[in-house]
Undergrad: 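Below: one structure in structure tokens.
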Amino acid sequence: MGKRQPEGPPPAPAVQRIRLRYTKRGRLRFTSHRDFQRAFERALRRADVPMAYSAGFTPHPKVSYANAAPTGTGSEAEYLEIALTAARDPETLRALLDDSMPTGLDIVDAVEGRTSGLADRLTASVWELRLDGVTPEAAETATAAFMAAETVEVQRMAKNGVRTFDARSAVVTLETRDESADRPSDQPCAILRLVVRHVTPAVRPDDVLSGLRAVADLAPPVPAAVTRLAQGLFDEETGTVTDPLAPDREAAPAPKAEPTATATAPMPEGSA
């Protein structure tokens, strides 16, 4: 047996955490999570980011991804966290990384991680579902039937076979929006706005569409265009999904005030 190769020097410790929000827009919505990881790690190298690395024989940059959207869905609110070995200005770093990413995978926000538990603050998502070929009236009837049901069982193919679960209990709100006045085409189109809690098993937009088919036989003639508009902590009092980066902004120290010049009165003549 060959000798075990000695490990290199221990990796430098992380001194700063940066949390980023990014998008998946246009054709880039079909980017898989693994493809995004490869593109993002290339961007880190191009931007010369002082990344912290894991220990061991195959060190990897310390990047934590949180609740990535399914392949094929767009998103305005994907989140990740990186660990750095040297402090950097979050906005400057964001701009460098955004310039190094493909258009559509846009880095749109950055804060220094000053609080714990980013993943714990991602408890709900707001989704928009565009149903081309479906009238708002048909969508309204189906959403009302879905929300009125106590349970809506749907099936999904999992690793261990077909899994049956309730898609209704995770849905907080499901509304139909008539935006026909904003469309250049005369073809019918319904826009659904969905707020869903992050539960186990996860209830995805396509599960809700399966539920609409089950309770009201709503079957769009073409696949729905799905976009995540927001994700964060669900506020029980207001029924809204809050910005998960807000606690880090609030924890940032206030900028120091610039010292003001103090005018000095001239000493009278003859004074000591």
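The analysis underlying the following values was restricted to heavy atoms, covering all of them including side chains, and did not include hydrogens, waters or symmetry mates.
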Undergrad: Can you name the side-chain contact (heavy atoms from CB on, under 4.5 Å) partners of A95, sequence neighbours left out?
TA: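 side-chain contact (heavy atoms from CB on, under 4.5 Å) check on A95 returns nothing, list empty.
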
Undergrad: Indicate yes or no for a side-chain donor-acceptor contact from S125 to the backbone of W127 under 3.5 Å, with no hydrogens or angles considered.
TA: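 Pair absent, no side-chain N/O of S125 close to backbone of W127.
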
Undergrad: Is a donor on one side and an acceptor on the other found under 3.5 Å between the side chain of D248 and the backbone of R114?
TA: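 Side chain of D248 to backbone of R114: a pair is present.
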
Undergrad: Does M147 offer a backbone N or O that forms a donor-acceptor pair with the side chain of R168 under 3.5 Å?
TA: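 Between the backbone of M147 and the side chain of R168 there is a qualifying donor-acceptor contact (under 3.5 Å).
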
Undergrad: Looking at residues at least two apart in the chain, or sitting in another chain, which of them share a side-chain hydrogen bond (donor to acceptor under 3.5 Å, both in side chains) with T85?
TA: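 Result, side-chain hydrogen bond (donor to acceptor under 3.5 Å, both in side chains) vs T85: none returned.
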
Undergrad: With rounding to the nearest 0.5 Å, note down the distance linking CD1 in I18 to CD1 in I82.
TA: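 Answer rounded to 0.5 Å: 6.5 Å.
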
Undergrad: Name all pairs fulfilling the salt bridge (charged side-chain N to carboxylate O under 4.0 Å, His left out) condition that reach into residues 143-166, sequence neighbours left out, sorted by first residue then second.
TA: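 Sorted result for residues 143-166: R156-D207.
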
Undergrad: List the residues meeting ring-ring contact (aromatic ring centres under 6.0 Å, His included) with Y79, not counting sequence neighbours, and say none if there are none.
TA: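 For Y79, no residue satisfies ring-ring contact (aromatic ring centres under 6.0 Å, His included) once neighbours in sequence are set aside.
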
Undergrad: Under 3.5 Å, is there a donor-acceptor pair between the side chain of Q16 and the main chain of R88?
TA: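 Indeed, once roles are kept as given, a pair shorter than 3.5 Å links the two residues.
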
Undergrad: Rounded at 0.5 Å granularity, tell me how far CG in D99 sits from CD1 in I107.
TA: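 Answer rounded to 0.5 Å: 10.5 Å.
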
Undergrad: Identify, with sequence neighbours excluded, every residue that meets side-chain hydrogen bond (donor to acceptor under 3.5 Å, both in side chains) alongside E236.
TA: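 Result, side-chain hydrogen bond (donor to acceptor under 3.5 Å, both in side chains) vs E236: R197.
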
Undergrad: Determine yes or no for a side-chain-to-main-chain donor-acceptor pair under 3.5 angstrom, with R25 supplying the side chain and T103 the backbone.
TA: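 No: the side chain of R25 does not pair with the backbone of T103.
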
Undergrad: Once side-chain contact (heavy atoms from CB on, under 4.5 Å) is applied, do any residues pair with L233, and if so which ones, sequence neighbours excluded?
TA: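 Partners of L233 by the side-chain contact (heavy atoms from CB on, under 4.5 Å) criterion, ordered by chain and then number, come out as T123, T242.
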
Undergrad: Can any side-chain N or O of T23 pair as donor or acceptor with the backbone N or O of G104 at less than 3.5 Å?
TA: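 Yes, because the side chain of T23 sits within donor-acceptor range (under 3.5 Å) of the backbone of G104.
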
Undergrad: Show the atom names and distances, to 0.1 Å, of all donor-acceptor pairs under 3.5 Å that link a side chain in residues 56-64 to residues at least two apart or in another chain.
TA:
{"residue": "H60", "atom": "NE2", "partner": "T58", "partner atom": "O", "Å": "3.2"}

Undergrad: Got a donor-acceptor contact below 3.5 angstrom from the S210 side chain to the D206 backbone?
TA: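 Side chain of S210 to backbone of D206: a pair is present.
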
Undergrad: Run the salt bridge (Lys or Arg N to Asp or Glu O under 4.0 Å) test against R21 and tell me which residues pass, sequence neighbours left out.
TA: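 Counting only residues at least two positions away or on another chain, R21 forms no salt bridge (Lys or Arg N to Asp or Glu O under 4.0 Å).
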
Undergrad: Is there a donor-acceptor pair closer than 3.5 Å between any side-chain N or O of E128 and the backbone N or O of I191?
TA: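 No, because the side chain of E128 does not come within donor-acceptor range (under 3.5 Å) of the backbone of I191.
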
Undergrad: Between atom CZ of F165 and atom OG1 of T200, what is the distance when rounded to the nearest 0.5 Å?
TA: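 Answer rounded to 0.5 Å: 11.5 Å.
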
Undergrad: For residues 39-50, run the donor-acceptor check on the side chains, cut-off 3.5 Å, and write out each pair with its distance to 0.1 Å, sequence neighbours left out.
TA:
{"residue": "R46", "atom": "NH1", "partner": "S100", "partner atom": "O", "Å": "3.0"}

Undergrad: Ignoring hydrogens and geometry, is there a side-chain-to-backbone donor-acceptor pair from T73 to A69 under 3.5 Å?
TA: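 Between the backbone of A69 and the side chain of T73 there is no qualifying donor-acceptor contact (under 3.5 Å).
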
Undergrad: Applying ring-ring contact (aromatic ring centres under 6.0 Å, His included), name anything that partners H33, two or more places apart in sequence or on another chain.
TA: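 Partners of H33 by the ring-ring contact (aromatic ring centres under 6.0 Å, His included) criterion, ordered by chain and then number, come out as Y65.
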
Undergrad: Say whether, by atom type as modelled, one donor and one acceptor occur between the side chain of R121 and the main chain of P244 under 3.5 angstrom.
TA: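 Judged by distance alone, yes, a pair lies under 3.5 Å.
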
Undergrad: Apply salt bridge (Lys or Arg N to Asp or Glu O under 4.0 Å) to D98 and list each qualifying residue two or more places apart in sequence or on a separate chain.
TA: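 Once residues adjacent in sequence are excluded, D98 has no partner under the salt bridge (Lys or Arg N to Asp or Glu O under 4.0 Å) criterion.
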
Undergrad: Taking side-chain hydrogen bond (donor to acceptor under 3.5 Å, both in side chains) as the definition, give me every residue that meets it alongside E175, ordered by chain and number, with sequence neighbours left out.
TA: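 If we apply the side-chain hydrogen bond (donor to acceptor under 3.5 Å, both in side chains) test to E175, skipping adjacent residues, there are no hits.
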
Undergrad: Does the salt bridge (Lys or Arg N to Asp or Glu O under 4.0 Å) test come out yes or no for E78 and R228, once each step is laid out?
TA: CA-CA 9 Å; E78 301 296 289; R228 173 148 55 193; 2.9 Å; yes

